[in-house]
Amino acid sequence: MNKEKRYEIFRRLREDNPHPTTELNFSTPFELLVAVTLSAQATDVGVNKATDKLFPVANTPEAIYALGVEGLSEYIKTIGLFNSKARNVIAACKILIEEHNSQVPETREALEALPGVGRKTANVVLNTAFGQPTMAVDTHIFRVSNRTGIAPGKNVLEVEKKLLKHVPKEFLVDAHHWLILHGRYVCKARTPQCGSCRIEDLCDYKHKTSD
């Protein structure tokens, strides 16, 4: 795919949604960090149902740490893997309190040192909380990048690097939100809705549908 096509793809996505953001509910970097940690192998809708009850009660490292693993588990037990996630969040809160003055760090290295925080979670926090041009490649972005030809790659890191290299700079900060939303609602895994897709004429996918 050439750079003109890529530019037009992101121009159209921006035109349709000028200010995209995550569908996770949050109001502070810490709330976002917790929500993204909980979202692994879970839906944003499911995470929001849990955090909508949790955050009014506890939304700081100190407050959540005070709940303890059992207390936190009660709020998030509807989410998959809630026991291990509760342990990770409590452990992360302890580190934030002791080493970061209860503030969410703004570097990848410090974020990835927190329990339960991998590269994808760190990328989401760096981008959404701090406006850094990162690419949090999930299953949606991996599928869309390969299917459309925007940034094909054999694994998530390869796709991430290609996106950072090829997405025009003016779109970099918002690009991962557009790609996630496009994959979630249009370029779906089993049946992509090509007939109602804004970028169908620019896409390299060979098995287009006529939904």
Side-chain angles (χ1 to χ4, degrees), residues 13 16-17 19-96 104 111-112 114-130 134-147 155-156 159-160 174-193 196:
L13 294 175
D16 289 353
N17 185 5
H19 306 291
T21 189
T22 178
E23 292 186 317
L24 290 168
N25 295 338
F26 76 98
S27 58
T28 66
F30 177 71
E31 288 186 358
L32 177 65
L33 175 64
V34 172
V36 179
T37 302
L38 297 178
S39 73
Q41 298 177 46
T43 65
D44 288 359
V45 172
V47 172
N48 287 339
K49 285 181 180 177
T51 58
D52 284 351
K53 294 176 181 176
L54 170 65
F55 289 157
V57 175
N59 71 339
T60 65
E62 289 85 355
I64 288 184
Y65 186 69
L67 290 175
V69 174
E70 288 187 12
L72 177 57
S73 293
E74 279 300 307
Y75 286 97
I76 65 171
K77 61 187 178 184
T78 53
I79 301 172
L81 307 173
F82 71 92
N83 277 321
S84 62
K85 289 176 180 177
R87 287 193 296 271
N88 282 335
V89 169
I90 293 299
C93 287
K94 187 172 190 288
I95 293 172
L96 291 175
V104 176
L111 284 168
E112 289 188 20
L114 298 172
V117 178
R119 185 179 183 87
K120 186 176 75 173
T121 296
N123 278 339
V124 173
V125 173
L126 291 171
N127 177 278
T128 306
F130 303 121
T134 60
M135 291 288 173
V137 180
D138 66 352
T139 54
H140 297 301
I141 293 183
F142 185 77
R143 179 176 66 253
V144 171
S145 297
N146 275 287
R147 187 184 273 169
N155 55 60
V156 292
V159 169
E160 178 186 331
D174 291 324
H176 103 262
H177 292 302
W178 287 317
L179 293 173
I180 286 173
L181 295 170
H182 192 68
R184 186 173 288 166
Y185 297 111
V186 182
C187 197
K188 298 177 183 179
R190 293 185 181 178
T191 51
Q193 298 176 322
S196 55

- [ ] Say whether, by atom type as modelled, one donor and one acceptor occur between the side chain of N48 and the main chain of E23 under 3.5 angstrom.
- [x] yes
Open item on the list: Determine whether a donor-acceptor pair (N or O, by modelled atom type, separation under 3.5 Å) exists between the side chain of R147 and the backbone of A189.
Closed with: yes
Task: Residue pair I95 / P115: nearest heavy atoms and the distance that separates them - done: CD1-CD, 3.6 Å
- [ ] Taking K120 for its side chain and A40 for its backbone only, find out whether a donor-acceptor pair lies under 3.5 Å.
- [x] no
TODO: Mind checking the CG-CG spacing from N123 to L111? Nearest 0.5 Å is all I need.
DONE: 9.5 Å
Open item on the list: Looking at R143 and G183, would you say the former's side chain and the latter's main chain have a donor-acceptor pair under 3.5 Å?
Closed with: yes
- [ ] Identify the two heavy atoms, one from F142 and one from V137, that lie closest to each other, and give their separation to 0.1 Å.
- [x] N-CG1, 3.8 Å
Open item on the list: Is the shortest side-chain heavy-atom distance between F55 and N25 below 4.5 Å?
Closed with: no
Task: Any side-chain heavy-atom pair of L13 and H182 under 4.5 Å - done: yes
Open item on the list: Show the nearest heavy-atom pair for residues L32 and V125, with the distance to one decimal.
Closed with: CD2-CA, 4.0 Å
Open item on the list: Measuring only between side-chain heavy atoms, which start at C-beta, is L24 closer than 4.5 Å to T51?
Closed with: no
Open item on the list: I want to check something: taking the side chain as every heavy atom from C-beta on, are L72 and L54 in contact at a cut-off of under 4.5 Å?
Closed with: yes
Open item on the list: I'd like to check T128 versus H176 (side-chain heavy atoms, cut-off strictly below 4.5 Å). Are they in contact?
Closed with: yes
Task: Flag, side chain of K85 to backbone of G80, donor-acceptor distance under 3.5 Å - done: yes
Open item on the list: Are the side chains of N83 and S73 in contact, using a 4.5 Å heavy-atom criterion?
Closed with: yes
Open item on the list: Is any side-chain heavy atom of L181 closer than 4.5 Å to one of N17?
Closed with: yes
Task: Side-chain heavy atoms of V34 within contact of C93, under 4.5 Å - done: no
Open item on the list: To the nearest 0.5 Å, what is the distance between NE2 on H177 and CD1 on I141?
Closed with: 9.0 Å
- [ ] Identify the heavy atoms of D44 and S39 that sit nearest to each other, and give their distance.
- [x] OD1-CB, 4.4 Å
